[in-house]
Amino acid sequence: MKKIIGIVITLLSIALIGIIILRIWNIEIISLENIIRSSATLILLGLAIVILSIVYGTFLRNNKQEYNQKTGNRAHPKQ
């Protein structure tokens, strides 16, 4: 998962740097307004994912599925 996130961040960074370089030469592929709207959308989606993860971990997780120490072999620490 870390590699996928790293690859996505790298690709987005390269794309942003490419757009900035093109803007230096007055070549406009995408407007600044579209970049700002896209960034705001991605930030809101990220916040929604964080909030949903917190809600799931707090309210929707089944705490009754705990480890039963009476059945099976228990792990022992290394000596």
Side-chain angles (χ1 to χ4, degrees):
M1 189 68 180
K2 288 181 183 180
K3 287 184 180 181
I4 293 172
I5 293 172
I7 290 170
V8 168
I9 290 173
T10 304
L11 290 175
L12 288 174
S13 299
I14 290 172
L16 183 63
I17 291 169
I19 290 172
I20 291 171
I21 290 172
L22 289 174
R23 297 279 297 188
I24 291 172
W25 290 95
N26 290 329
I27 300 171
E28 188 172 332
I29 293 176
I30 189 169
S31 68
L32 186 61
E33 291 178 12
N34 286 338
I35 293 174
I36 292 172
R37 287 180 187 165
S38 300
S39 300
T41 303
L42 289 173
I43 290 170
L44 288 175
L45 285 174
L47 286 173
I49 289 171
V50 168
I51 290 171
L52 288 174
S53 298
I54 291 171
V55 168
Y56 173 76
T58 317
F59 298 113
L60 302 176
R61 190 173 30 175
N62 189 2
N63 291 331
K64 294 180 182 177
Q65 293 180 348
E66 294 180 12
Y67 179 72
N68 188 358
Q69 295 181 358
K70 295 180 181 177
T71 60
N73 296 328
R74 291 190 290 169
H76 300 283
K78 290 183 180 180
Q79 294 180 345

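Annotation: the span from Y56 atom OH to L52 atom CG amounts to 12.0 Å, rounded to 0.5 Å. To the nearest 0.5 Å, atom CD1 of residue I30 and atom CZ of residue R23 are 10.0 Å apart.
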Listing, residues 11-20 side-chain donor-acceptor contacts under 3.5 Å, not counting sequence neighbours, or none:
| residue | atom | partner | partner atom | Å |
| --- | --- | --- | --- | --- |
| S13 | OG | I9 | O | 2.8 |

Return all side-chain donor-acceptor pairs below 3.5 angstrom for residues 34-47, not counting sequence neighbours, or 'none' if the list is empty.
| residue | atom | partner | partner atom | Å |
| --- | --- | --- | --- | --- |
| N34 | ND2 | S31 | OG | 3.4 |
| S38 | OG | N34 | O | 2.8 |
| S39 | OG | I35 | O | 2.9 |
| T41 | OG1 | R37 | O | 2.8 |

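Residues V55 and I49 do not share a hydrophobic cluster, defined by chaining ILVMFWY side chains whose heavy atoms lie under 4.5 Å apart.
Counting heavy atoms of neighbouring residues, nucleotides and ligands inside a 6.0 Å radius, atom CD of E28 exceeds 12 of them.
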